[in-house]
Student: 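Please find one structure pasted underneath; my questions will follow.
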Amino acid sequence: MALSLRLDQETEVALRQHLQRTGLTQSSFVREAIREKLARSSPEASTPYQLGESLFGRCASGDSGRSQHRKTLNRERLDAKHRR
């Protein structure tokens, strides 16, 4: 299928710069973008986990048992606060 697309100048400049950096052709970039958009908009392809996957672990504390010991940690924080 042939496709004609009009872009505003700012988007066109950004696209050309991206294509130069990555070495992609316009056609391959558009095909990939369409495939990604279709995959994201397909209700059966996206689970709640897949939708939030990029957010999981972003603010990791490094303490793997933090949620299991939350009551103890909260109690320690409250006790320390009231000791001041």
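Counting begins at 1 with the first residue of the sequence. The structure displayed is predicted, hence computed values, not measured ones.
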Student: Are the side chains of L19 and T25 in contact, using a 4.5 Å heavy-atom criterion?
Tutor: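 They are not in contact (no side-chain heavy atoms under 4.5 Å apart), so the answer is no.
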
Student: Measure the CD-CG distance between Q20 and L15 for me, rounded to the nearest 0.5 Å.
Tutor: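 If we round to the nearest 0.5 Å, Q20:CD and L15:CG are 10.5 Å apart.
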
Student: If you count every heavy atom of other residues, nucleotides or ligands that lies below 6.0 Å from E36 atom CD, does the total exceed 12?
Tutor: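 Correct, the count exceeds 12.
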
Student: Could you tell me whether a side-chain N or O of T22 sits under 3.5 Å from a main-chain N or O of H18, the two making a donor and an acceptor?
Tutor: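 Checking the backbone N and O of H18 against the side chain of T22, a donor-acceptor pair under 3.5 Å is found.
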
Student: Does a side-chain N-to-carboxylate-O contact under 4.0 Å join D79 and R75?
Tutor: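 Salt bridge present between D79 and R75.
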
Student: Nearest 0.5 Å, what's the CD-CD distance between Q26 and E12?
Tutor: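 The CD atom of E12 is 8.0 Å from CD of Q26, to the nearest 0.5 Å.
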
Student: Between L3 and L38, is there a shared hydrophobic cluster once you connect ILVMFWY residues whose side-chain heavy atoms come closer than 4.5 Å?
Tutor: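 Same cluster.
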
Student: Answer yes if L24 and L7 sit in the same cluster of Ile, Leu, Val, Met, Phe, Trp and Tyr residues linked by side chain heavy atoms under 4.5 Å apart, and no otherwise.
Tutor: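 Yes, L24 connects to L7 through the hydrophobic network.
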
Student: Please check if the number of heavy atoms outside E10 that lie under 6.0 Å from its CD is greater than 12.
Tutor: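 It does not: E10 CD has 12 such atoms or fewer within range.
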
Student: Let me see the working for L73 and E76 under side chain to side chain contact (heavy atoms under 4.5 Å, CB included), right down to the final yes or no.
Tutor: CA-CA 5 Å; L73 293 171; E76 288 172 0; 4.1 Å; yes

